[in-house]
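Note that the structure is predicted; figures quoted are calculated from it, not measured.
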Amino acid sequence: MAYPPTYPPPGSVAGPEPRAGRPASVGLAAVIMMMIAALGVISAIVTLATISRTTDRFQQLARERTDASSTEIDSVVTAIRVISVTTAIFLVLLALVLIALAIGDLRGSNIARILTWVICGLGLLCGCCGIFSALGSTRTTSLGTGDTDAETARELGHALSDAYPGWWMATSGGLSGLQLLGYIAVAVLLALPAANAFFRKPAPPVPQQPQWQPPPAM
């Protein structure tokens with residue numbers, strides 16, 4: 001039995017509803033994520049670049065201004081280096097994660113969008129901590145081992161504050177502030193209605209009702 005070409009054969013299935021086109025908000029969010037990743041790498045480079053100078057300056061000031069032993073000073077230097085290297089590695093890994101999530105967001109992956117929101121929440125927390133850390137770097141009050149007396153610990157803290165380069169607080173705090181604003185912008189952009197439509201899964205195929213006409217009279 002032949003069917004007119006304008007009607008689908010009985011039992012045919014309609015194709016899935018096409019996904020909405022990628023809105024500008026998602027593209028802008030991905031660009032901001034790439035910029036945050038770049039700022040993180042810059043922060044890592046700055047952190048590693050200042051380790052040697054800061055620790056050398058700290059050792060000099062600690063010997064001149066405090067009664068701390070060489071062991072106590074070396075313990076603080078080791079802690080500074082470990083924290084700095086660990087922070088730099090974390091920032092680079094975070095940058096790689098942000099790039100991967102940005103690509104996933106551009107492809108319309110809802111899982112990537114959810115993970116992006118999680119990273120934005122953690123980023124806001126880390127950004128605030130970075131700003132407070134930069135602001136408090138000149139107000140360090142105590143350092144040392146468990147055997148260091150309170151007065152020596154305070155003197156070591158002040159020596160470390162003075163050991164940082166003069167531009168350190170402004171650079172570190174500025175980078176953290178830019179990243180914080182970026183995380184807020186990304187979270188908002190991915191929550192806009194246009195982004196919701198883009199990340200919504202296409203509707204499943206719907207079987208069409210058979211439509212046919214009797215064959216034409218011979």
Side-chain angles (χ1 to χ4, degrees), residues 3-47 86-136 169-212:
Y3 295 89
T6 55
Y7 294 94
S12 63
V13 179
E17 180 183 347
R19 184 189 295 271
R22 185 171 66 215
S25 59
V26 175
L28 179 58
V31 171
I32 295 176
M33 292 171 69
M34 298 288 187
M35 294 175 63
I36 295 174
L39 291 174
V41 173
I42 293 174
S43 296
I45 294 174
V46 171
T47 299
T86 302
T87 300
I89 293 174
F90 171 78
L91 291 173
V92 172
L93 293 177
L94 180 59
L96 296 176
V97 171
L98 285 171
I99 293 173
L101 290 177
I103 295 173
D105 291 333
L106 290 174
R107 293 178 176 176
S109 171
N110 198 45
I111 295 178
R113 179 170 71 150
I114 294 173
L115 292 177
T116 300
W117 279 331
V118 174
I119 293 297
C120 285
L122 296 176
L124 289 175
L125 178 61
C126 294
C128 291
C129 292
I131 292 175
F132 289 134
S133 176
L135 293 176
M169 184 179 70
T171 302
S172 180
L175 291 174
S176 297
L178 290 175
Q179 289 176 309
L180 190 150
L181 294 176
Y183 284 122
I184 295 175
V186 169
V188 172
L189 288 171
L190 293 181
L192 294 177
N196 290 333
F198 174 67
F199 286 101
R200 188 179 301 118
K201 290 184 178 180
V206 179
Q208 291 185 342
Q209 295 296 327
Q211 297 178 355
W212 60 281

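- Of the inter-residue distances, the one linking L189 atom CG with T116 atom OG1 reads 11.5 Å to the nearest 0.5 angstrom.
- Contact record, N196 with A191: ND2-O, 3.6 Å, taken as the closest heavy-atom pair.
- One distance of note links CG of L39 with CG of L94; it measures 11.5 Å at 0.5 Å rounding.
- When all heavy atoms of M34 and I99 are compared, the pair lying nearest together is SD-CG1, 3.9 Å.
- Within the model, atoms OG of S109 and CD1 of I103 stand 12.0 Å from one another, a figure rounded to the nearest 0.5 Å.
- Considering all non-hydrogen atoms of both residues, L175 and S43 come closest at CD1-OG, 3.2 Å.
- We find the CD1-CG distance between I89 and L93 to be 7.5 Å, quoted to the nearest 0.5 Å.
- To the nearest 0.5 Å, atom CE of residue M33 and atom CG of residue L28 are 12.0 Å apart.
- Of all heavy-atom pairs between R113 and D105, the closest is N-OD1, 3.1 Å.
- In terms of heavy-atom proximity, V26 sits nearest to F199 at CG2-CE1, 3.8 Å.
- One distance of note links CG of L101 with CG of L96; it measures 11.0 Å at 0.5 Å rounding.
- Although no hydrogens or angles enter the test, the distance criterion places no donor-acceptor pair under 3.5 Å between the side chain of R22 and the main chain of G108.
- With a 4.5 Å cut-off on side-chain heavy atoms, L115 and V97 do not count as touching.
- I119 has its side chain within reach of Y183: a pair of non-hydrogen atoms, C-beta onward, lies under 4.5 Å apart.
- Taking every heavy atom of both residues into account, L91 and A44 meet most closely at CD1-N, 3.7 Å.
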